[in-house]
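Counting convention: from 1, in listed order, for ligands and their atoms alike.
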Amino acid sequence: MGLDPRSFEGIEGDVNVSPARAEWSRRHIGVEARRWLDEDARYFLHQALSTPCLNVLAGADGIYLEDVEGRRYMDFHGNSVHQVGFANPAVVAAIKAQLDQLSFSTRRYTNRPAVELAKTLARITPGDLAKSLFCPSGAAAVGMALRLARAATGRHKTISMWDAFHGASLDASSVGGERMFRRDIGPLLPGTEHVPPPDARRCGLGCGGRCDLRCAGYVEYVLDKEGDVAAVIAEPVRSTPAIPHPDYWTRIRAACDRAGALLIFDEIPQCLGRTGRMFASEHFGVTPDILVLGKGLGGGILPMAAMVARPELDVMADRALGHYTHEKNPVTCAAALATIGHIEREGLVEHARMLGVHALGLMAEMAGRHRLIADVRGLGLLMGIELVRDRDTGAPALEEAERVMYLALERGLSFKVSAGNVLTLTPPLVITRDELERALAIVDDCLTQVERA
Ligand SMILES: Cc1ncc(COP(=O)(O)O)c(C=O)c1O
């Protein structure tokens, strides 16, 4: 297979490739990786944040990714699928065993792993959430939740948050609040009202960094003005991370109850221990009517998502709610059961909580030494370091954040920058204290390097 004549220049010239990324690629991408990147760019449809790709993977195990040139990276991003680490032996073994036993379940039949998983979700989800439906992706699960809310309330309007992401399908994009997924695609679902998210660092209502719950008041106001909202749908804690005021969700829960609206929590990325509780909503003592989970539910190997609802919402027996071909796939269900089993056996939820407290302490200490750091925050192993050029104006340090990210990549640490200037650190929950300290030391060094430049 020869090199694509357009070769790497084609990728570097792509609209989605920043100069910092192009520079990193020039220095680190070898001949073998270039070949695959060129082929990838030729045969996949291009889209923002995806293709053309940064690098080519050859392996993933535990907390590590390995590229085709044998370089290893601690993965502090993992697309939020790697709570139990990559290629977790217990999950791999469960998948292999299930493949030998029963590899698919035709509609109208059930199977043991599917029933066991639904029972397990009823046990581990908060409050009286008890009845499940499975599907292959988070976006599909969000779609099912919206459909159920409409049927159960006889209403169609929703309230969701600006800046939120709930998936890339048209229904999920309609309740999502990111321009990237909403613009230039024509009409989205009607009745999808958006409100400013409970994010004091970027308060759309001008609270100035100290949340006084005017964001909750605004949701109450819209619920009252509309009078016929089917559901409020939101992530209890955003991945940025943005952690709401402790009373925010209590206020919204009460407002939903008054207005006859359902509360849907999208815990697709934060479920299963990431925040130091099995579900992020537990930090707020609020139980939604419908909980949506996904990503790491498939053990970081298989696509798997679920909606879990209160039993009273079992109201669509005579209609279709979410007829997905792989609804009760025994292999994905076995992967999910093995994942939850591993998390419980190894005490990963408490491990994430304790490591998160330790990491937050180290990050706070770093904040005292780095002029670029404006804020550090975290809940369990969902952590963020926000960079600004100027603490007085709060001007985001966009280029600096990107430079820190690529320098860290050179040092064997991969993470994502959210909102342009927040170093977002979400390691696997199986990470050790030593590994976490090593990763934070890399971030520390890279910040020093960028500040000196
Ligand atoms: C909060 C949230 N909801 C929904 C989704 C969509 O999940 P999927 O990519 O499995 O459709 C994502 C994916 O990133 C997410 O972060």
Side-chain angles (χ1 to χ4, degrees), residues 47-51 75-83 133-149 158-182 188-189 192 194 197-199 231-244 249 263-275 279-281 283 288 290-308 322 324-327 329 332 335-336 339 379-384 415-419 422 424-426:
Q47 63 168 337
L49 312 173
S50 173
T51 304
D75 189 1
F76 274 44
H77 171 211
N79 272 125
S80 306
V81 305
H82 62 350
Q83 283 93 326
L133 200 56
F134 306 148
C135 62
S137 76
V142 165
M144 297 193 309
L146 294 174
R147 215 176 161 95
L148 178 56
T158 54
I159 296 177
S160 53
M161 312 281 160
W162 289 118
D163 297 333
F165 179 66
H166 293 292
S169 58
L170 280 176
D171 49 4
S173 300
S174 303
V175 290
E178 286 190 311
R179 195 187 315 152
M180 164 92 76
F181 294 89
R182 299 172 55 82
L188 293 162
L189 283 186
T192 50
H194 286 69
D199 180 356
V232 172
I233 175 165
E235 298 160 81
V237 173
R238 277 228 67 209
S239 306
T240 327
I243 303 156
W249 288 117
L263 180 60
I264 303 172
F265 274 159
D266 174 348
E267 294 225 22
I268 287 164
Q270 315 304 357
C271 65
L272 303 185
R274 159 73 47 209
T275 65
F279 294 94
S281 44
H283 288 282
I290 303 174
L291 183 89
V292 183
L293 61 159
K295 290 206 183 248
L297 184 61
I301 300 179
L302 296 174
M304 178 69 184
M307 157 171 90
V308 192
Y324 288 94
T325 301
H326 287 270
E327 180 183 327
N329 183 307
T332 57
T339 302
L379 206 52
L381 288 176
L382 167 63
M383 301 170 287
F415 59 81
K416 185 180 159 190
V417 175
S418 303
V422 185
T424 303
L425 308 173
T426 56

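- Using a distance-only test at 3.5 Å, with no hydrogens or angles considered, no donor-acceptor pair links the side chain of Arg182 to the main chain of Gly177.
- The distance from ligand 1 to the heavy atoms of Gly138 drops below 4.0 Å at these ligand atoms: 7 (O), 8 (P), 10 (O), 11 (O).
- Per-atom contact check: atom 3 (N) of ligand 1 touches the protein, criterion being a heavy-atom distance below 4.0 Å.
- Residue Ala139 touches ligand 1 through backbone and side chain together, judged by heavy-atom distances below 4.0 Å.
- Of the possible polar contacts, none joining the Ser50 side chain to the Gln47 backbone as a donor-acceptor pair under 3.5 Å is found.
- When each of Leu272, Val81, Thr339 is tested with Leu297 by the rule side-chain contact (heavy atoms from CB on, under 4.5 Å), just one qualifies, namely Leu272.
- Between the Gln83 side chain and the Cys271 main chain, a donor and an acceptor come within less than 3.5 Å of each other.
- Regarding atom 1 (C) of ligand 1, its nearest protein heavy-atom neighbour is Phe165 O, 3.1 Å.
- The number of heavy-atom neighbours closer than 6.0 Å to CG of Leu189, taken from other residues, nucleotides and ligands shown, is above 12.
- Closest protein heavy atom to atom 6 (C) of ligand 1: Gly167 CA, 3.6 Å.
- Distance OG1/Thr240 to CZ/Phe165: 13.0 Å, rounded to 0.5 Å.
- The protein non-hydrogen atom at the shortest distance from atom 16 (O) of ligand 1 is Pro269 CG, 3.4 Å.
- Residue-ligand proximity, Lys295 to ligand 1, at heavy-atom distances under 4.0 Å covers atoms 12 (C), 13 (C), 14 (O), 16 (O).
- Annotation: Glu235 places no N or O atom under 3.5 Å from an N or O atom of ligand 1; distance criterion only.
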